[in-house]
Amino acid sequence: VHRLHELGALAFCTSRPRILSNMTRRRLQCDLGDVFGPEVPFTMNTNKTKSAHIMGREYRRIIAFEDNGRQAESYMKARIPVYLMKFPHNANVRESWWIRPADHLQHAVESYEKMLYGVEV
């Protein structure tokens, strides 16, 4: 998450109920400290794709990082690139230009950096 923070602005979106969302926010503040400050957008919305489009007005490039296959397909339909973590429950999601599988968040960040800066040949 720190590497993503260095590459650009972060925003966190959760579709959890408000009580769990507030717990998630407090946990993120404890775990991430300065990366997750009050200036970082944190939305609690059942429609993450809609939230991403709203945040896209402020930021030019939006890349989602997701561990839920259904949500990744929702991003794909909205033409938002998403890195999907490979979990057994995501095995039926097909790779495409919009959905990019990643073994874990570190792998997703490395793939994003290669895309962002290009790869030396």
Side-chain angles (χ1 to χ4, degrees):
V1 174
H2 287 280
R3 284 178 62 195
L4 286 172
H5 181 63
E6 292 170 6
L7 293 171
L10 288 180
F12 294 88
C13 182
T14 181
S15 56
R16 292 180 171 190
R18 183 165 293 282
I19 292 171
L20 294 176
S21 298
N22 289 333
M23 288 173 33
T24 301
R25 182 182 187 98
R26 285 194 300 273
R27 189 75 228 169
L28 285 169
Q29 287 172 332
C30 290
D31 292 346
L32 302 177
D34 59 330
V35 172
F36 191 76
E39 72 284 353
V40 175
F42 182 82
T43 63
M44 296 175 280
N45 191 331
T46 55
N47 189 338
K48 290 182 181 180
T49 307
K50 182 177 179 181
S51 296
H53 276 296
I54 291 169
M55 289 178 201
R57 295 176 189 155
E58 184 176 344
Y59 308 107
R60 291 189 320 208
R61 180 182 300 145
I62 298 176
I63 304 286
F65 297 86
E66 186 63 56
D67 62 358
N68 183 305
R70 266 195 341 222
Q71 184 62 48
E73 288 175 342
S74 173
Y75 282 120
M76 177 187 70
K77 290 176 185 171
R79 299 185 187 273
I80 297 172
V82 58
Y83 286 95
L84 177 64
M85 304 309 123
K86 291 181 185 174
F87 291 125
H89 60 273
N90 295 332
N92 63 343
V93 178
R94 293 177 43 181
E95 180 179 353
S96 70
W97 192 90
W98 300 104
I99 297 180
R100 304 156 187 191
D103 294 326
H104 43 74
L105 186 58
Q106 180 75 21
H107 178 247
V109 173
E110 289 168 0
S111 297
Y112 175 64
E113 285 178 320
K114 286 179 185 175
M115 181 198 69
L116 190 63
Y117 297 120
V119 180
E120 287 186 27
V121 179

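Scored by the side chain to side chain donor-acceptor pair (under 3.5 Å) test, E95 finds no partners at all (sequence neighbours excluded). Listed by chain and residue number, nothing satisfies the ring-ring contact (aromatic ring centres under 6.0 Å, His included) test with Y112 (two or more places apart in sequence, or in another chain). Under the rule for a salt bridge (charged side-chain N to carboxylate O under 4.0 Å, His left out), E73 has no partner lying at least two apart in sequence or in another chain.
Once rounded to the nearest 0.5 Å, the distance linking CG of N68 with CG of N90 reads 6.5 Å. Here S111 contributes atom OG and R100 contributes atom CZ; the two are 9.0 Å apart, rounded to the nearest 0.5 Å.
Closest approach of M76 and S96 over heavy atoms only: SD-OG, 3.8 Å. Closest approach of L84 to D67, counting heavy atoms only: CD1-C, 4.0 Å. Annotation for Q71 and E66: closest pair CG-OE1, 3.3 Å, computed over non-hydrogen atoms. Closest non-hydrogen pair, A102 versus H107, comes out as CA-ND1, 3.2 Å.
Note on residues 73-95: pairs passing ring pair (Phe, Tyr, Trp, His ring centres under 6.0 Å), not counting sequence neighbours, are F65-Y83, F87-H89.
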